[in-house]
Amino acid sequence: MAEPGGGRPVTVSDVQQLVRRKDEIEAQIKACYELLEGQKGVGMHEPLVDAEGFPRADIDLYQVRTARHNIICLQNDHKALMKQVEEALHKLHAREKEKQAKDEAEALAEAMSQNQSLPQAFAKVNAVTPGSPASVSGLQVDDEIVEFGSVNSNNFQNLQNIATVVQHSEGRPLSVTVIRGGRRVHVGLTPKRWAGKGLLG
C-alpha cells in the first residue's frame, strides 16, 4: 500500500485509518479462528486426515482449508499494516519535532530582534551586598541599568542622579529596569536603612 495521498505528509487521521484497518483484520482473523474452533476444535496444524490417511468425514474440509488460508493471508496483511502504522507514527512524530524546532527558531529570532531594540544602559551593577535592599529586590551583578526610577539614559549625567533619586525615595518602592542576559527585567527596589552602608548596598 502506498503512502496515503502519495507523498503528502502523514496526518493523524491517516494513522487512525490504518488503525481501523488493523482492527478490521484482527476481527477477521478472530472470526476465522472461531470457524476452526467450530469444526471440532481443528486449529491451524491438526491433521485433516484420519488414522488410515482418508480425509476426515467429521469436519468440513473445504471450510477448514479456506479458514486456514485466510488466516495466513490476513496475518501477513496484519504484519505489513503494523509496519505501516509504525512508519506513519514515526513520520508524524518527526513532523511534530520539526514544527517544534521551527517554533523555537522563530521564538529565538524574535528574541534576537527584541534584543536589537533594547534601550541603552547607562550603568552596570558591579557588586551587590548580601542582605542589602538591592540584594533583596533581586538585583544581580552585571545587570545593566536602563531605568532607575525617573533616571534613564536620556537624562542620566552621573551617579549623583541615582543617589538623589535614592535619597528622595527612602522607604518607597522604585521601579528599576535592567538588561540581564539579553532580556529586559523589571525589579521593584525599596531604598531603606539596613545594617550596611547606604540605602541600597
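None of the values given here were measured: they were computed from a predicted structure. Heavy-atom basis, side chains included; hydrogens, waters and symmetry copies ignored.
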Student: Could you please spell out the steps behind the side-chain contact (heavy atoms from CB on, under 4.5 Å) verdict for Asp143 and Ile179?
Tutor: CA-CA 6 Å; Asp143 279 353; Ile179 295 172; over 6 Å; no
Student: Are Ile25 and His78 close enough, and set up right, to give a side-chain contact (heavy atoms from CB on, under 4.5 Å), and what steps lead you there?
Tutor: CA-CA 7 Å; Ile25 290 178; His78 186 264; 3.9 Å; yes
Student: Closer than 3.5 angstrom, by distance alone: can the side chain of Asn76 be matched with the main-chain N or O of Cys73 as a donor-acceptor pair?
Tutor: no
Student: Can you tell me how far the CD1 atom of Ile162 sits from the CD atom of Gln167, to the nearest 0.5 Å?
Tutor: 12.0 Å
Student: Restricting to non-hydrogen atoms, name the atom on Thr190 and the atom on Pro173 that form the minimum distance, rounded to 0.1 Å.
Tutor: OG1-CA, 3.5 Å
Student: Test side-chain contact (heavy atoms from CB on, under 4.5 Å) on His69 and Thr66; report intermediate values, then the result.
Tutor: CA-CA 5 Å; His69 173 75; Thr66 306; 5.7 Å; no
Student: Please answer: with hydrophobic residues joined when any side-chain heavy atoms are less than 4.5 Å apart, are Leu36 and Leu61 in the same cluster?
Tutor: yes
Student: Could you see if Ile145 belongs to whatever hydrophobic cluster contains Val141? Use Ile, Leu, Val, Met, Phe, Trp, Tyr and a side-chain cutoff under 4.5 Å.
Tutor: yes
Student: Do Ile71 and Tyr62 sit in the same hydrophobic cluster, where Ile, Leu, Val, Met, Phe, Trp and Tyr count as joined when their side-chain heavy atoms come under 4.5 Å apart?
Tutor: no
Student: About how many Å separate CD of Gln84 and CD of Gln17, when rounded to the nearest 0.5 Å?
Tutor: 10.5 Å
Student: Is Leu189 close to Leu139 at the side-chain level, that is, under 4.5 Å between some pair of heavy atoms?
Tutor: yes
Student: Taking Asn155 for its side chain and Ser150 for its backbone only, find out whether a donor-acceptor pair lies under 3.5 Å.
Tutor: yes
Student: Could you tabulate the donor-acceptor pairs under 3.5 Å formed by side-chain atoms of residues 45-57, not counting sequence neighbours?
Tutor:
{"residue": "Glu46", "atom": "OE1", "partner": "Gly43", "partner atom": "N", "Å": "2.6"}
{"residue": "Asp50", "atom": "OD1", "partner": "Glu52", "partner atom": "N", "Å": "3.0"}
{"residue": "Asp50", "atom": "OD1", "partner": "Gly53", "partner atom": "N", "Å": "3.1"}
{"residue": "Asp50", "atom": "OD1", "partner": "Phe54", "partner atom": "N", "Å": "2.8"}
{"residue": "Arg56", "atom": "NE", "partner": "Asp58", "partner atom": "OD1", "Å": "3.2"}
{"residue": "Arg56", "atom": "NH1", "partner": "Pro47", "partner atom": "O", "Å": "3.2"}
{"residue": "Arg56", "atom": "NH2", "partner": "Asp58", "partner atom": "OD2", "Å": "3.2"}

Student: I'd like to know if Val64 and Met44 are part of one continuous hydrophobic network [Ile/Leu/Val/Met/Phe/Trp/Tyr, side-chain heavy atoms within less than 4.5 Å].
Tutor: yes
Student: State, yes or no, whether a side-chain contact exists between Gln140 and Val125 at a heavy-atom distance under 4.5 Å.
Tutor: no
Student: Could you tell me whether Lys83 and Glu87 make a salt bridge, using a distance below 4.0 angstrom between a side-chain N and a carboxylate O?
Tutor: yes
Student: Compare all side-chain heavy atoms of Leu89 with those of Val15 and state whether any distance is below 4.5 angstrom.
Tutor: yes
Student: If you group Ile, Leu, Val, Met, Phe, Trp and Tyr by side-chain heavy-atom gaps below 4.5 Å, do Leu74 and Val19 land in one group?
Tutor: yes
Student: State plainly whether the residues Glu26 and Lys30 are in salt-bridge range, i.e. N to O under 4.0 Å.
Tutor: no
Student: Got a donor-acceptor contact below 3.5 angstrom from the Ser137 side chain to the Ala134 backbone?
Tutor: yes
Student: side-chain contact (heavy atoms from CB on, under 4.5 Å), that's the test. Do Val178 and Arg184 meet it? Break it down for me.
Tutor: CA-CA 6 Å; Val178 299; Arg184 207 190 273 233; over 6 Å; no
Student: Find out whether Val128 and Ser132 are in side-chain contact, i.e. whether some heavy atom of one side chain is under 4.5 Å from a heavy atom of the other.
Tutor: yes
Student: In the structure I gave you, are the side-chain heavy atoms of Val12 and Leu92 within less than 4.5 Å of one another anywhere?
Tutor: yes
Student: List the atom of Ser135, the atom of Pro130, and the distance in Å for their closest heavy-atom pair.
Tutor: OG-CA, 4.0 Å
Student: May I ask you to say whether Glu96 pairs ionically with Lys99, meaning some side-chain N is under 4.0 Å from a carboxylate O?
Tutor: no
Student: Please examine the side chains of Glu170 and Val166, heavy atoms only from C-beta on, and report whether any two atoms are closer than 4.5 Å.
Tutor: no
Student: Do you know the tightest heavy-atom contact between Gln120 and Val146?
Tutor: O-CG1, 3.5 Å
Student: Can a donor-acceptor pair be found, under 3.5 Å and without considering hydrogens, that links the side chain of Arg95 to the backbone of Val10?
Tutor: yes
Student: With side chains defined as the heavy atoms from C-beta onward, is the minimum distance between Leu18 and Leu81 less than 4.5 Å?
Tutor: yes
Student: Is there a donor-acceptor contact under 3.5 Å from the side chain of Glu147 to the main chain of Ser175?
Tutor: no
Student: OG of Ser169 to CZ of Phe148: how many Å apart, nearest 0.5 Å?
Tutor: 7.5 Å
Student: So does Asp14 get a backbone contact from the side chain of Thr11, meaning a donor-acceptor N/O pair under 3.5 Å?
Tutor: yes
Student: Which pairs with one or both residues in residues 150-183 pass ring-ring contact (aromatic ring centres under 6.0 Å, His included), sequence neighbours excluded?
Tutor: Phe122-Phe156
Student: Do Lys79 and Gln75 touch side chain to side chain, with heavy atoms closer than 4.5 Å?
Tutor: no
